[in-house]
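In what follows, every chain begins at residue 1, and chains take the letters A, B, ... in the order their sequences are listed.
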Protein chains: 2
Amino acid sequence: MTGRRKSPLEIDVTEAHMCSVNLRLHILSQVPFFAGLSQADLDRVNSLFNEQGYAPHETIYFSGDAVKHMFVVADGRVRLMRHSPSGKDVLLDILTPGEFFGSFSAQGDEVYHETAQAHTQTCVLGISVNDFRAILEKNPQVVLRVLDITSARLQAANVRVHQLSALPVEGRIAYLLLVLCAKFGKPGNDGVLIQTPLARDDVAAMTGTTSETASRVMSQFQKDGLIRTGRQWVAVIDLFALEEIAKAEIS
Amino acid sequence: MTGRRKSPLEIDVTEAHMCSVNLRLHILSQVPFFAGLSQADLDRVNSLFNEQGYAPHETIYFSGDAVKHMFVVADGRVRLMRHSPSGKDVLLDILTPGEFFGSFSAQGDEVYHETAQAHTQTCVLGISVNDFRAILEKNPQVVLRVLDITSARLQAANVRVHQLSALPVEGRIAYLLLVLCAKFGKPGNDGVLIQTPLARDDVAAMTGTTSETASRVMSQFQKDGLIRTGRQWVAVIDLFALEEIAKAEIS
DNA sequence: CTCATTCCATGATCTACATCAGTTAAGTGC
DNA sequence: GCACTTAACTGATGTAGATCATGGAATGAG
């Protein structure tokens, strides 16, 4: 393993805390649920957002904080997590530019039910819940898109419940790698590289296990030639084999 | 335990496969997301629904079936579940009159991702996805309500993911009983009776454990005076103690 | 470069819970 | 009422995976 490359991730470490105006407009037009808006509407919407930069591990809001904003990731990666008194945190999702988080229900939650944290150097666009709600009320087709996305997330959450209830750790990690591959994968020389920092702790926190067990399972995957992995990175080589493991049930 | 009462549930075992027209209109007006409609709109919506009766354990649709309808529970209880190849099924939810299920995303899923089954004698109102979508497109405020409900369900699913990842079985069952209590609870002589048939298998399938373990945990709860339970029923006596257990983390 | 920190790997134990198995009790139909 | 069926209880045993503990490798700071 002398030739193992180090840190193959290509994370843009731009110094800018703020993202450029160009990027900002581009991002908003890319957000799935604003896709249908006219340029004029888009400009109006854009003026309601303000941007904010975060360093890695900086917290955007804490679980339990009063809800004030809805956010869109402009650049970087954002972690959504839930804490436990014991310290065993659960990583709900890693968000990529164009995805939204925070509150968006019309009735409005009182407090956030998860913590949002910058995973990498991040730029986030925020809008007050009132402004966002006004947009929703004026643009029915936007609401339909938000509903679609929320339904898809509910769907994904149910899959996760299912897996935590019925699959052994190995299967859950295999499935997670496939999901991350679909979301962050960049085909490369050897396998599909998951383009986001991903520590063993992260894998553990997304699959309901410990970092030690995640480490063992991933070591085995590597020995079996299913993945290549190093410090904070993973590349998937054999998608099909992982799929088999994710589906496998011991009769 | 000589005085243990038998089957304290008060399930209406009406013979009717169909629910009356009165009930039907009443149900639709009670459905949270139709609550804002005018009487005229409500009548029009009503005409788009057709009703269907199901006997206990009858299947309304299977996971994997092509999506054709969105449903509202009119009477009885409906189980939403996911199957595993191994046979270890997961019970996602038990629905009560006024709740909807099936597909409702605007883009439309191709197939159902869960199986819906009558839990008791049930009457269900169905509407074609096209008709429902037309309603959504004409009534923005209805979409907002659907979004709210979907957000709340996503929220609940995330709680479940969290618990499966971080809580021991005892805690998950304690929490489940509290949730069921809030949803189906009827205060009675001794404790709050959960007004739905609830076998140990059901508890197990909702908490990611086995019926044996569910049985052991619930026996212990009963010995400790937290609940009263029998064949297919549970009454909660000490809500506060269950809350403590649900929150407890080992260090 | 060197040191300090963080992340990863892996062995040795321990335990919560699954699994297997047999008994008891609550409903149900005749 | 009695026989039959299904659900619940409970003991014995096995095991996946947590926990504890240690050493090594990649990265970052000075």
Side-chain angles (χ1 to χ4, degrees), chain A residues 1-9 11 13 55-57 84 86-88 119-121 163-174 197-205 207-223 227-234 245 248-251, chain B residues 1-9 11 13 56-57 84 86-88 119 163-173 197-205 207-223 227-234 245 248-251:
Chain A
M1 277 302 147
T2 60
R4 180 196 282 179
R5 61 178 171 177
K6 322 279 172 72
S7 232
L9 298 186
I11 304 290
V13 185
H57 300 121
S84 300
S86 65
K88 182 159 188 168
H119 186 50
T120 64
Q121 183 73 258
Q163 294 203 344
L164 285 165
S165 302
L167 275 192
V169 172
E170 201 187 24
R172 305 202 300 264
I173 292 182
L198 191 70
R200 300 293 177 272
D201 288 17
D202 297 326
V203 172
T207 54
T209 183
T210 60
S211 57
E212 292 96 327
T213 296
S215 183
R216 277 184 248 269
V217 169
M218 288 172 70
S219 292
Q220 190 57 49
F221 283 174
Q222 178 153 248
K223 275 181 199 140
I227 64 175
R228 281 174 62 73
T229 182
R231 193 187 173 91
Q232 305 249 48
W233 65 269
V234 186
I245 292 170
E249 306 270 324
I250 310 100
S251 95
Chain B
M1 279 301 148
T2 58
R4 179 195 284 180
R5 61 177 171 179
K6 321 281 173 73
S7 231
L9 298 184
I11 305 289
V13 186
H57 301 121
S84 301
S86 65
K88 181 157 188 168
H119 186 51
Q163 295 204 343
L164 285 165
S165 302
L167 275 193
V169 172
E170 202 187 23
R172 305 201 302 265
I173 292 182
L198 191 71
R200 299 295 177 271
D201 287 17
D202 297 326
V203 172
T207 54
T209 185
T210 59
S211 57
E212 292 95 327
T213 296
S215 183
R216 277 184 249 269
V217 169
M218 290 173 69
S219 291
Q220 190 57 50
F221 283 173
Q222 177 153 250
K223 273 181 200 140
I227 64 174
R228 282 175 61 76
T229 181
R231 195 187 174 93
Q232 306 247 48
W233 63 271
V234 186
I245 293 170
E249 307 268 322
I250 310 100
S251 99

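A distance of 4.5 Å separates CD1 of B:Ile227 from CE of B:Met218, quoted to the nearest 0.5 Å.
For the pair B:Thr229/B:Phe221, no side-chain contact is recorded, criterion being any heavy-atom separation below 4.5 Å from C-beta on. The side-chain heavy atoms of A:Pro197 and A:His119, taken from C-beta on, include a pair separated by under 4.5 Å. You'll find the side chain of B:Arg216 stays beyond 4.5 Å of the side chain of B:Gln220, heavy atoms only.
Considering only side-chain N and O atoms, A:Ser219 lies nowhere under 4.0 angstrom from the phosphate OP1 or OP2 of C:dC8. For C:dC7, neither phosphate oxygen OP1 nor OP2 lies less than 4.0 angstrom from any side-chain nitrogen or oxygen of A:Ser211. Dashed line: the shortest gap from a side-chain N or O of A:Arg200 to OP1 or OP2 of C:dA9 is under 4.0 Å. Between A:Thr213 and the phosphate of D:dG17, there is no side-chain N or O to OP1/OP2 separation shorter than 4.0 Å.
A donor-acceptor contact under 3.5 Å is not formed by the side chain of B:Arg231 with the base of D:dT5.
Remark: C1' of C:dA16 and CG of B:Leu167 are 14 Å apart, rounded to the nearest angstrom. When the P atom of D:dA8 is taken as reference, atom CE of B:Met218 falls 8 Å away, rounded to whole Å. Distance B:Gln232 CD to C:dA26 P: 14 Å, rounded to the nearest Å. For B:Arg216 and D:dA12, the CZ to P distance is 11 Å, given to the nearest whole Å. Going from atom CG of A:Leu164 over to atom C1' of D:dA16 covers 15 Å, rounded to whole Å. With rounding to whole Å, B:Trp233 atom CH2 is found 16 Å from C:dA25 atom P. Distance, B:Ile173 CD1 to C:dA16 C1': 13 Å, rounded to whole Å. Atom pair A:Glu212:CD and D:dC20:C1' shows a separation of 8 Å (rounding to whole Å applied).
Comparing D:dG17, D:dA8, C:dA18 against the side chain of A:Thr209 picks out D:dG17 as the nearest. Across D:dA8, D:dA18, C:dC17, the shortest atom-to-atom separation from the side chain of B:Pro168 is found for C:dC17.
Legend: residues meeting side chain to side chain contact (heavy atoms under 4.5 Å, CB included) with A:Ala205, ordered by chain and number and at least two apart, are A:Leu91.
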